[in-house]
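Position 1 is the first residue of the sequence, and the numbers go up from there.
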Amino acid sequence: MTMVTTPPTPPTPPPPALPVRDRTRIPAGALSPMLVRLAAERATGVLIRERGALYLADGQVVHAESPDTPGLDLLLGAHGVLDAEGWHEAFAQAGERGRVGRYLVDRGRLTTGALELCHLGALYDAAYFVLEPSSAPARFRYGAAHWLGPVHPVSVAAVERETLRRRALLHRIWPDPAADEAPLARTSRPAGPSVPPRQAAVLHLVDGRRTASDISRALGRPAFHTLVDVHRLAAAGLLTPDVPPPPVLPPAHPAPPSLPEHPGGLSDPGRLGGPGGPGGLGGPSGPGDPGDPGGTVPAAPDAPPAPPPSAPREWSPAHAGEPPRDPAEADPHITLLRRLRAALEAL
């Protein structure tokens, strides 16, 4: 009996580790390549885009502002956290030094936690609109600082990730983006008792003129929160964007003018004719055929249409007893030529 020795089986290598998403890595299709480059440079200044600005300090976002969102002062005042007098005092005392936030905390107007919470909400709210797609060029001003001062810096990756999450949320609720910027109008569908009070407050301000940003300022709420309510109301059929219809443009190639319908003209079937008709181009020889000596030669294709025959003058008592006039005398051009001929013969 022969024994066969088999080589030992090599150990099976372990499976590769599952990929782990790095939350600090910015995807290739970033919302703002310029913002990514500034973050890599650890730049300090303000990035100005079409719908607002982002303030950076050492490559991190420290503040954001947009005309589409309520300011931090309005948000604090609407919730009774800080009155207008306290805000104006802080701005007057520490605005030039860029320490308004620190001043409010040191004077006991706000706690550190309340300031950071309100600041982060306003930052993400404005950044959502600042990072909207735009064809306008962006510019960066180095060294510029915001009057609020540093409160809670946020990385560029976190700002872009939150902006994408908010876009996806609005798309899931109602995919039509027209309600984000257009004036809002109510539909004929009545609002039932199932509408939550928060959405009912938004629906109460819909009048066909206000936009979602206008409603957010009137209510003292973040603009994105108002957009969420607007999209839910649009999905329920209670409001619709009041988008004007597109203008009616003239046709790119207008139709050529039609030929006048003159008796005996080019558009007269008797001149052009059809098969078997008088003067027909493809029919037998007839009165309008060029081969017929007694016929009428058809007009050339580029010749102007023949003028209509002069209609006989109607009789009236004012013309009683007058001799009949030559129809050519009614033509002003013939009359002018006759006068010129008479003047030349008199020379």
Side-chain angles (χ1 to χ4, degrees), residues 21-76 87 90-91 94-95 97-105 110 112-134 136-170 180 213 216 221-228:
R21 182 177 59 183
D22 185 2
R23 292 184 178 272
T24 62
R25 182 178 179 273
I26 300 174
L31 298 179
S32 174
M34 185 177 184
L35 180 61
V36 175
R37 178 176 59 83
L38 293 171
E41 295 176 1
R42 301 180 62 87
T44 297
V46 55
L47 175 64
I48 303 173
R49 289 171 58 90
E50 183 179 11
R51 300 186 67 176
L54 295 176
Y55 288 82
L56 305 180
D58 293 331
Q60 291 188 311
V61 182
V62 296
H63 193 71
E65 58 185 17
S66 171
D68 296 305
T69 62
L72 184 60
D73 54 340
L74 183 58
L75 295 175
L76 292 173
W87 182 264
F91 189 81
R97 296 182 287 114
R99 304 284 293 177
V100 173
R102 189 73 260 169
Y103 181 90
L104 291 172
V105 174
L110 286 175
T112 303
L115 177 61
E116 289 185 0
L117 184 62
C118 294
H119 169 259
L120 283 177
L123 187 152
Y124 284 123
D125 194 40
Y128 173 81
F129 293 93
V130 176
L131 294 178
E132 279 288 312
S134 171
R139 64 184 186 275
F140 186 75
R141 191 165 69 242
Y142 284 92
H146 196 266
W147 46 262
L148 184 65
V151 177
H152 188 86
V154 182
S155 66
V156 169
V159 172
E160 292 199 337
R161 184 171 59 249
E162 176 63 16
T163 300
L164 293 175
R165 185 193 70 83
R166 296 188 176 201
R167 288 185 187 175
L169 175 61
L170 291 181
D180 297 352
S213 297
S216 67
R221 298 178 183 175
F224 178 76
H225 295 180
T226 305
L227 281 180
V228 171

Side chains of [X] and [Y] in contact at under 4.5 Å (non-hydrogen atoms):
X: L72; Y: W87; result: yes
X: L47; Y: V130; result: no
X: D73; Y: F91; result: no
X: V46; Y: L56; result: no
X: V154; Y: Y124; result: yes
X: E65; Y: Y55; result: yes
X: L131; Y: V159; result: yes
X: E41; Y: Y142; result: yes

Give a yes or no on this: more than 12 heavy atoms of other residues, nucleotides or ligands lie within 6.0 Å of atom CZ of R42.
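Atom CZ in R42 is not packed in, count stays at 12 or less.
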For the CG atom of L227 and the CZ atom of F129, what is their distance to the nearest 0.5 Å?
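These two atoms lie 4.5 Å from each other.
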Mind listing the closest non-hydrogen atom pair of [X] and [Y] along with its distance?
X: Y103; Y: A94; answer: CB-CB, 3.8 Å
X: L104; Y: A90; answer: CD2-CB, 3.4 Å
X: P70; Y: R221; answer: CG-O, 3.1 Å
X: S216; Y: D68; answer: OG-O, 4.4 Å
X: H119; Y: V62; answer: NE2-O, 2.7 Å
X: R49; Y: S32; answer: NH1-OG, 3.7 Å

Parallel, tilted or perpendicular: ring planes of H63 versus W147, cut at 30 and 60 degrees:
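Ring orientation of H63 relative to W147: tilted.
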The single option from R167, R161, E160, R165 passing side chain to side chain contact (heavy atoms under 4.5 Å, CB included) against T163:
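Result: among R167, R161, E160, R165, R167 is the only option passing the side chain to side chain contact (heavy atoms under 4.5 Å, CB included) with T163.
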